[in-house]
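Take this structure first; my questions come after.
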Amino acid sequence: MGMKIDLHCHSTASDGSLTPQELVQRAHQMQVNLLALTDHDTLAGLPQAQAAVEALRGGVAMMLIPGVELSCRWHSYEIHILGWNFDPEHKALRTLIASQTDARRARAEAIMDKLLQRGVDEQAMAPLRQRNQETAQLITRKHIAEALLDGGYVTTMDDAFRRYLGKGQSAYVTPQWCSIDEAVAAVSAAGGDTAVAHPLAYEMSSKWLKRLLKDFTEAGGHALEVSSGQQSPEQRRHLAELATQFSLQASAGSDFHNPGRWRELGHNIKLPEGIRPVWQHWPQFAQLTHTQ
Ligand code: AMP
Ligand code: MN
Ligand code: MN
Ligand code: MN
């Protein structure tokens, strides 16, 4: 029997719309066997997700992998590095995540300050300010775009990025993310594996993408996200070839953020034949194979 595996998704701990518990329950309904919660720059959702897995009754066997999606700066790009199966208590990793979390909170405040200067009403940002200052839930530019949409300042999410939040726009604030080397080093020190997330989302030339994979490999990175929900068979084949070329393992993830028409947990992300899955040596995978 094939195993259903999804190593990339988001909860309300970052910019997903489901709580960690709801996310786990949905993944279980979708018959996902191996799930990693990978919120942006935070581990805050992991304990709740683990408790939810332990409370599941009936259905398919499911195991949760501790995960994170780290925002990194690399040349002029923001690159997302997925990390999995680390010790969440490891000091170097906790230090890195704390600094990423601080950077995210500070950037959100600076973006909202800029928006006020641009004539956006403080009221429109008040709920986000409160969330940012008083809860463990992080905010991303997605939340700010939603607030602009709700306040009638923009007509679509895309419009929010084009007019205010996108790189070079009037409320853009350069983020202070860690480097790829730092992200890979911290996750590896904590015993985990890493991958370059959604390699085709950075809109870089083939030459730059190869440069990125070379740097990532030299930093000790482990894998490439080969399969994701919205991609053509050609794109998937191309990524599988790149993984082989750079001796990287392969991962699969939906990047699920919310229920909708476009992405579903565990859906249509099977890896192509002939590449080595990053989960192959994970104890949770061995345990699942054993019980199936
Ligand atoms: P951040 O990590 O704070 O820079 O926020 C990035 C998040 O904003 C991404 O994870 C997406 O969920 C969302 N996002 C980025 N660009 C767009 C866009 N053009 N339209 C809608 N959402 C976007
Ligand atoms: Mn996101
Ligand atoms: Mn991402
Ligand atoms: Mn993601």
Side-chain angles (χ1 to χ4, degrees), residues 6-18 20 23 35-43 45 65 67-74 76-84 97 100-112 114-115 125 128 131-132 137-150 153-169 171-178 180 183 194-204 212 216 223-225 227-231 251-260 262-265 269:
D6 192 335
L7 299 183
H8 187 169
C9 62
H10 299 269
S11 76
T12 47
S14 66
D15 58 354
S17 70
L18 302 183
L23 188 84
L35 178 77
L37 174 60
T38 53
D39 275 307
H40 295 286
D41 304 299
T42 178
L43 308 182
I65 305 291
V68 69
E69 182 171 14
L70 293 166
S71 313
C72 303
R73 66 188 144 73
W74 182 79
S76 64
Y77 295 99
E78 273 184 57
I79 304 297
H80 288 179
I81 300 293
L82 293 162
W84 304 284
I97 302 242
Q100 293 280 105
T101 298
D102 287 351
R104 213 171 241 298
R105 289 192 197 285
R107 184 188 62 154
E109 293 299 324
I111 293 174
M112 291 189 280
K114 278 195 167 183
L115 285 170
M125 294 295 140
L128 284 185
R131 173 179 167 132
N132 200 36
Q137 299 176 323
L138 290 185
I139 68 177
T140 69
R141 282 183 295 168
K142 181 165 175 260
H143 297 98
I144 302 175
E146 282 162 355
L148 288 171
L149 192 59
D150 287 348
Y153 295 99
V154 294
T155 51
T156 61
M157 292 287 281
D158 228 30
D159 194 25
F161 280 86
R162 260 200 319 266
R163 288 176 54 191
Y164 296 108
L165 306 174
K167 201 168 171 183
Q169 303 311 311
Y172 183 76
V173 175
T174 308
Q176 305 296 315
W177 304 135
C178 64
I180 290 180
T194 50
V196 174
H198 41 64
L200 301 180
Y202 307 114
E203 296 179 353
M204 50 175 72
L212 168 65
F216 177 69
L224 186 68
E225 191 173 56
S227 293
S228 52
Q230 301 294 312
Q231 68 187 165
S251 81
S254 63
D255 206 3
F256 178 89
H257 281 72
N258 38 262
W262 305 112
R263 279 159 209 261
E264 189 49 80
L265 287 160
I269 48 175

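Quick caveat, the model's predicted, so the values are computed rather than measured. Indexing begins at 1, ligand by ligand and atom by atom, following the structure's order.
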H198 and Q230: side-chain donor and acceptor closer than 3.5 Å?
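There is no such pair between these side chains.
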State, without any angle test, whether S17 and N258 hold a side-chain donor-acceptor pair at a distance under 3.5 Å.
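On atom types as modelled, these side chains do not qualify, holding no pair under 3.5 Å.
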Which N/O/S atom belongs to H10 and is the closest one to the Mn ion (ligand 4)?
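Restricting H10 to its N, O and S atoms, the minimum distance to the Mn ion (ligand 4) goes to NE2.
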Could you tell me which non-hydrogen atom of H10 sits nearest to which non-hydrogen atom of T38, and how far apart they are?
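Distance-wise, the nearest heavy atoms are CE1-O, 3.2 Å.
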For the Mn ion (ligand 3), which protein N/O/S atoms are closer than 2.8 Å?
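For the Mn ion (ligand 3), the protein N, O and S atoms that sit under 2.8 Å away are E69 OE2, H80 ND1, H198 NE2.
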Is the Mn ion (ligand 4) under 2.8 Å from any N, O or S atom of H257?
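False for H257.
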Would you check, one step at a time, whether the test side chain to side chain contact (heavy atoms under 4.5 Å, CB included) holds for I81 with F216?
CA-CA 10 Å; I81 300 293; F216 177 69; 3.9 Å; yes
Would you say the side-chain atoms of D41 and S71 include a donor-acceptor pair closer than 3.5 Å?
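S71 and D41 do have a side-chain donor-acceptor pair below 3.5 Å.
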Which of these, D15, D158, N258, L138, has its nearest heavy atom closest to atom 11 (C) of ligand 1?
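Checking each option, the heavy atom nearest atom 11 (C) of ligand 1 is found in D15.
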From CA spacing to verdict: side chain to side chain contact (heavy atoms under 4.5 Å, CB included), R263, H257
CA-CA 8 Å; R263 279 159 209 261; H257 281 72; 5.5 Å; no
Contacting atoms of ligand 1, where contact means under 4.0 angstrom from a heavy atom of H40
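With H40 as reference, the close atoms of ligand 1 come out as 10 (O).
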Closest heavy-atom pair and its distance - D39, A13:
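Reported closest heavy-atom pair: OD2-CB, 3.4 Å.
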Within-4.5 Å side-chain heavy-atom neighbours: Q137 and T42:
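Side-chain contact under 4.5 Å: no.
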When you look for heavy atoms under 4.0 Å from ligand 1, do you find them on the side chain of I139, its backbone, both, or neither?
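Near ligand 1, I139 shows nothing, with every heavy atom at 4.0 Å or more.
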State whether the shortest distance between N or O atoms of S71 and N or O atoms of ligand 1 falls below 3.5 angstrom.
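Looking only at distances, the answer is no, because the N/O contact criterion of under 3.5 Å is not met.
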Quick check: does H80 get an N/O under 3.5 Å from an N/O on ligand 1?
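N/O-N/O distance under 3.5 Å: no.
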Measuring from the heavy atoms of R107, does anything fall under 4.0 Å of ligand 1?
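True for this residue.
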Atom 16 (N) of ligand 1: nearest protein contact (heavy atom, Å)
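Protein heavy atom with the smallest distance to atom 16 (N) of ligand 1: F161 CE2, 3.4 Å.
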Show your reasoning for whether side chain to side chain contact (heavy atoms under 4.5 Å, CB included) applies to R105 and L138.
CA-CA 7 Å; R105 289 192 197 285; L138 290 185; 3.7 Å; yes
Considering both backbone and side-chain atoms of R141, is one of its nitrogen or oxygen atoms within less than 3.5 Å of a nitrogen or oxygen in ligand 1?
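The answer is yes, given that R141 and ligand 1 share an N or O pair closer than 3.5 Å.
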Is it true that H143 and D15 share a donor-acceptor pair across their side chains at a distance under 3.5 Å?
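There is no such pair between these side chains.
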Below 4.0 Å from ligand 1: does a non-hydrogen atom of R162 turn up there or not?
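For ligand 1, residue contact (heavy atoms, under 4.0 Å) with R162 is absent.
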Would Y164 and R141 satisfy side chain to side chain contact (heavy atoms under 4.5 Å, CB included), going step by step from the backbone distance to the final call?
CA-CA 10 Å; Y164 296 108; R141 282 183 295 168; over 6 Å; no
Once the angle between the rings of Y202 and H80 is folded into 0 to 90°, is it parallel (under 30°), tilted (30 to 60°) or perpendicular (over 60°)?
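Answer is perpendicular, since the angle exceeds 60°.
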Can you tell me which residue and heavy atom of the protein come closest to atom 2 (O) of ligand 1, and the distance to 0.1 Å?
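So the nearest neighbour among protein heavy atoms is R104 NH2, 2.8 Å.
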